[in-house]
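Please read all numbers here as calculations on a predicted model, not as lab measurements. The sequence lines fix the lettering, A, B, ..., with proteins before strands; numbering per chain opens at 1.
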There are 2 protein chains.
Amino acid sequence: MNANISTRLLYAFIALDDLKHFTRAAERCHTSQSAFSVMIQKLEAAVGAKLFERDTRNVTLTPEGELFAEVARSLVSEIESAFDDMSDYVARRRGRVSVAALPSLAANGLPAVIAEYKKLYPGVAVTLYDALSDQCLSLLRQGKVDLVLTAPGANFLEFDSKTLCSDPFYVVCRRDHPLAKKRIVHVNKLAGHEIIHLAKSSSVRQHVDILLRDVQTVHSGFEVEHLATVAGLVEQGLGITLVPELTLFQFRQLDLVAIPLDAKDLMRPILIAKRKGQSLSIAAQAMLELIEKQIGPTGSRRKYQNV
Amino acid sequence: MNANISTRLLYAFIALDDLKHFTRAAERCHTSQSAFSVMIQKLEAAVGAKLFERDTRNVTLTPEGELFAEVARSLVSEIESAFDDMSDYVARRRGRVSVAALPSLAANGLPAVIAEYKKLYPGVAVTLYDALSDQCLSLLRQGKVDLVLTAPGANFLEFDSKTLCSDPFYVVCRRDHPLAKKRIVHVNKLAGHEIIHLAKSSSVRQHVDILLRDVQTVHSGFEVEHLATVAGLVEQGLGITLVPELTLFQFRQLDLVAIPLDAKDLMRPILIAKRKGQSLSIAAQAMLELIEKQIGPTGSRRKYQNV
DNA sequence: GTCAATTACGTTCTCCGTAAGGATG
DNA sequence: CATCCTTACGGAGAACGTAATTGAC
């Protein structure tokens, strides 16, 4: 008794059980009647028992056939539902994607992408974490998220990553500030100005420090955690600040001006990362592709220029 | 996505999931590694998704692969248990046989057969009905029993039947009866004797009437239902009786003598019958064969001669 | 350079369909 | 004699194994 059954045999059996007629059952199975006859014989050999009592007139189940009929029908339905299930995942009718992103990206670029994604694949559950870079990467390491959008820190070799876009820096100041009228500001022009900083741990600050390495600016004494705080401080005229484009939304509503910084070579790269050597689920792959398409390397400056 | 999967593919998948190594998994599946590689590709095509992430060093499941792993393992275990189940039936380790028989056969020949059967196939449940011929056949018609052991009545063409043995008639009388000393009695010698009869509806009586068609016997006036009653009456010297060999056990214990009747051509045939055009279960087939072997046409006279 | 999966390719074998055979009512 | 399952047989396609190739460490 060799249990190497294919689903075709099970379908053949069920067809014959339903129709009790070789010729018609063969038709249902899209095969010739002789081939069908052989298939039934094969199945009987595999099972080790005669399953149908047949002469040229009648086809009936043997007692073992009746037993097998239950088995076969339940197996087929299990197989079908299993495959339907798989097919749902493959077709992204079901599934799950988890993305972690820096708050700036989570608030700014991603919602549109996620909205589009949900429109395309309404059955897929999308989870979004907004967290600082380290936390994002920790989530990725733990397998809690499929994708991470962040600015590069140390140890990026641990992951498969790809630059999505480069986030250029802007000077943000009050409308009545001397710089406010400029169309573009060179880094050197920042000398002597009071700068409101973010905390040293932030990735933005690290870039700013590099930008201002050779410029003699004045430290305002403020090192705050949140951009909203920075915005408040700037609005009160306590200084100006340097932030990447993707965070400019934090300064909207206020009477502030954002001026592109002329330091094209020193932009904050935005990376998308996934676990190394581990492939993405089909749902996650689709998310990755959509993110790459929508937050590609092109066109981001234009979009967010007006604060 | 074509769901025509064979169990071999599932086993291949599971082997690779277990071993994470094509070469070793191929060995477990008794196939070459190249064939195995193709099998996995086939499975992936059938499922419609890449199931393993592999390079020459590492083999890991993709997210879809993990999903499929659950599916595959559960399917395989279902298939295996289903086939094991069938195989139990085929090997008569499990099953059910129901037999209906005339009380004389149920009490006499069958218990030994059933005991032997239970010894051979302890897992098969055996049910025995002892009933009169009509009831037996009714049970068979309803499908409540697989086999019937009875003496032929009308309408036996309705069933597939086969003569098992012929049940010769005996004269039963008291030890002090004139016939008691005979080694064999010819029908003619019964003339003038008082006969205790069974009811007209019994198959035994119908045969007796034929036997005695041309013999002038005296009717004792008794027409009773049960052989035990006949036995009691005979023991009290109220007459003699004619019964087939298989009922003689009813007269044991009593001080009676059974003498073979010299009427070889007029024996009660015992038939075994099953439903027409419906094959027996494997368990029932085995029972039929055992019955034929043990209650065959030979040797029955010897066995029951001494009352 | 070695180990391991994939691809190439020729052989074998299985499977299918046409057609003949045989049984049944 | 008509129906319809089984068997026979030849060809097409699939699967397999050997061996060459590619790729990773």
Side-chain angles (χ1 to χ4, degrees), chain A residues 2-47 49-62 65 157-160 275-279, chain B residues 2-47 49-62 65 157-160 275-279:
Chain A
N2 170 16
N4 181 24
I5 296 296
S6 72
T7 49
R8 300 187 62 249
L9 272 325
L10 293 182
Y11 282 112
F13 174 87
I14 288 171
L16 188 54
D17 182 24
D18 285 347
L19 303 172
K20 309 286 188 204
H21 195 286
F22 274 70
T23 309
R24 284 194 276 280
E27 274 170 29
R28 193 208 269 185
C29 295
H30 310 293
T31 186
S32 76
Q33 178 258 25
S34 77
F36 188 85
S37 177
V38 174
M39 281 168 68
I40 295 294
Q41 290 171 39
K42 237 179 220 308
L43 181 65
E44 288 179 328
V47 172
K50 202 169 163 196
L51 298 173
F52 291 97
E53 196 62 46
R54 64 255 204 200
D55 53 36
T56 54
R57 263 330 132 174
N58 297 300
V59 176
T60 55
L61 285 172
T62 62
L157 293 175
E158 181 185 350
F159 306 103
D160 275 350
R275 291 220 273 179
K276 205 164 203 164
Q278 191 126 5
S279 68
Chain B
N2 171 16
N4 180 24
I5 295 295
S6 72
T7 49
R8 300 186 62 247
L9 272 322
L10 294 181
Y11 282 112
F13 174 86
I14 289 171
L16 188 54
D17 183 23
D18 285 346
L19 303 173
K20 310 285 189 206
H21 195 285
F22 274 71
T23 309
R24 284 194 276 280
E27 274 170 29
R28 193 207 268 186
C29 294
H30 311 292
T31 187
S32 77
Q33 179 256 27
S34 79
F36 187 86
S37 176
V38 174
M39 281 167 68
I40 295 294
Q41 290 171 39
K42 238 180 219 309
L43 181 66
E44 288 180 329
V47 172
K50 202 168 163 197
L51 299 173
F52 291 96
E53 197 61 45
R54 60 246 200 213
D55 52 37
T56 53
R57 250 351 119 169
N58 297 301
V59 176
T60 55
L61 284 173
T62 62
L157 292 175
E158 182 185 350
F159 305 104
D160 276 349
R275 292 219 273 177
K276 206 164 200 163
Q278 190 124 8
S279 69

- [ ] Classify the angle between the aromatic ring planes of Phe13(B) and Phe52(B) as parallel (below 30°), tilted (30 to 60°) or perpendicular (above 60°).
- [x] tilted
- [ ] Rounded off to whole Å, could you give me the CG-to-P distance for the Asn58(A) and dA23(C) pair?
- [x] 17 Å
- [ ] Using a heavy-atom cut-off of under 4.0 Å over every strand shown, decide if Gln33(B) touches base, sugar-phosphate, or nothing.
- [x] base
Open item on the list: Could you check whether any side-chain N or O of Thr7(B) sits under 3.5 Å from a backbone N or O of Ile5(A), counting only pairs where one atom can act as donor and the other as acceptor?
Closed with: yes
Open item on the list: Would you compute the distance between atom NZ of Lys50(A) and atom CG of Leu43(A) and round it to the nearest 0.5 angstrom?
Closed with: 14.0 Å
- [ ] Considering just the side-chain nitrogens and oxygens of Ser34(A), establish if one lies under 4.0 Å of OP1 or OP2 belonging to dC16(C).
- [x] no
Open item on the list: Assess, by modelled atom type and distance only, whether the side chains of Glu27(A) and Thr23(A) contain a donor and an acceptor separated by less than 3.5 Å.
Closed with: no
- [ ] Quickly work out the Lys276(B) NZ to dT24(C) C1' distance and round it to whole Å.
- [x] 13 Å
Open item on the list: Given the structure, check if the side chain of Ser37(A) and the base of dT7(D) hold any donor-acceptor pair shorter than 3.5 Å.
Closed with: no
TODO: Could you check how far CD of Glu53(A) sits from P of dT24(C), rounded to whole Å?
DONE: 12 Å
TODO: Give the rounded distance in Å between these two atoms: CG of Asn4(A) and C1' of dA15(D).
DONE: 13 Å
Open item on the list: Using five base pairs at each end to define the local axes, how bent is the helix from dG1(C)-dC25(D) to dG25(C)-dC1(D), to the nearest 10°?
Closed with: 30°
Open item on the list: Taking only side-chain N and O atoms of Arg8(B), does any of them lie within less than 4.0 angstrom of OP1 or OP2 on dC16(D)?
Closed with: yes
Task: Distance, nearest 0.5 Å, that separates CG of Leu10(B) from CG of Asp17(B) - done: 12.0 Å
Open item on the list: What contact category does Arg54(B) fall into here, base, sugar-phosphate, or nothing, at under 4.0 angstrom with non-hydrogen atoms?
Closed with: sugar-phosphate
Open item on the list: For a 4.5 angstrom cut-off between non-hydrogen side-chain atoms, does Tyr11(B) reach Asn4(A)?
Closed with: no
TODO: To the nearest Å, give me how far apart CE (Met39(A)) and C1' (dC16(C)) are.
DONE: 11 Å
TODO: Without swapping roles, check the side chain of Thr62(A) against the backbone of Leu51(A) for a donor-acceptor pair under 3.5 Å.
DONE: yes
Open item on the list: Pairing donors with acceptors under 3.5 angstrom, does anything connect the side chains of Thr60(A) and Glu53(A)?
Closed with: no
Task: Lys42(B) side chain near dA15(D) phosphate (N/O to OP1/OP2, under 4.0 Å) - done: yes
Task: Test applied, side-chain contact (heavy atoms from CB on, under 4.5 Å); reference residue, Arg24(B); option that passes from Arg28(B), His21(B), Lys20(B) - done: His21(B)
Task: Euclidean distance, atom CG of residue Leu43(A) to atom P of dC15(C) [Å, nearest integer] - done: 13 Å
Task: Short side-chain to backbone donor-acceptor contact, Thr31(A) and Ala26(A), under 3.5 Å - done: no
Task: Contact residues, residues 13-30 of chain B to DNA chain D [heavy atom, < 4.0 Å] - done: none
- [ ] Taking only the side-chain heavy atoms of Thr31(A) (C-beta and beyond), determine which of dG25(C), dG17(C), dG17(D) contains the nearest atom.
- [x] dG17(C)
Task: Integer-rounded Å distance: dC16(D) C1' and Gln41(B) CD - done: 14 Å
Open item on the list: Distance check needed: dT7(C) P versus Asp55(B) CG, whole Å only.
Closed with: 14 Å
